[in-house]
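Accompanying notes for the structure given below.
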Amino acid sequence: MSDTLIPDRKMALELFLKYNKTESLLKHALSVEGVMRFMAGKAGEDIEKWGIIGLVHDLDYEMYPEQHCTMSRKILEENGWPDEYVRAVVSHGWGLVSDTEPVSLLEKTLFAMDELTGLVTTSALVRPSRSVLDMEAKSVKKKWTDKRFAAGVDRSVIEKGAAMLGVSLDELITDCILGMRTVAEELGLKGNPAAL
Ligand SMILES: [Fe+2]
Ligand SMILES: [Fe+2]
């Protein structure tokens, strides 16, 4: 494989769907992709690249949960993906399953937003509108210390991510919601329009 390959979105989605068949994992991938695209636009960075990395960040999770990130590295390298993409994907598991520390703005953003998309999703689904379109950061903040709510979401990772980026939790959550609004239709988080 040539190492000049620039992955495009179609290639990334095909690769993701080759290894992931679960609806919830696809929705998670689309959430993170939408947020990464939004954040790239905000920062004046490469929207396509940020989105693609967001889309494939959990590539190995369905088939190799015990080797999370390690197998993604292997698969992406075998498919000729550039080091920058591979490194960014692996760095989202920093401190848990990977020792690759997020360094670039892209990597820090992925690290901070990954878990947060889960908390935003769960927070949206318990609202009367079941929508992210009319949701604000305070709906998520309310659930921050409720350990039983979205129990799988590690708040400390999100807090670490916000600190890395030098932004407040409120700002991070607001950006995450704005990013998820751009893909609300695909995520099933537009709610019932009649309820809005
Ligand atoms: Fe992950
Ligand atoms: Fe993830």
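Order of appearance sets the numbers: ligands from 1, and atoms from 1 within every ligand.
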Report task. Quick one: report the N, O or S atom of D114 that is nearest to the Fe ion (ligand 2). Result -> OD1
Query raised in the report: the Fe ion (ligand 2) is nearest to which N, O or S atom of D58?
Result: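 For D58, the N/O/S atom sitting closest to the Fe ion (ligand 2) is OD2.
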Report summary line: Vertex the Fe ion (ligand 1), ends H68/NE2 and H92/NE2: angle to nearest 10° comes to 90°
Test item: [X] side-chain N/O and [Y] main-chain N/O as donor-acceptor pair under 3.5 Å:
{"X": "T182", "Y": "G179", "result": "yes"}
{"X": "D46", "Y": "A40", "result": "no"}
{"X": "H68", "Y": "P65", "result": "no"}

Query - Closest approach of M11 to I6 (non-hydrogen atoms, all atoms of both residues) - result: CE-O, 4.5 Å
Query raised in the report: Taking both backbone and side chain into account, is any N, O or S atom of C69 nearer than 2.8 Å to the Fe ion (ligand 1)?
Result: no
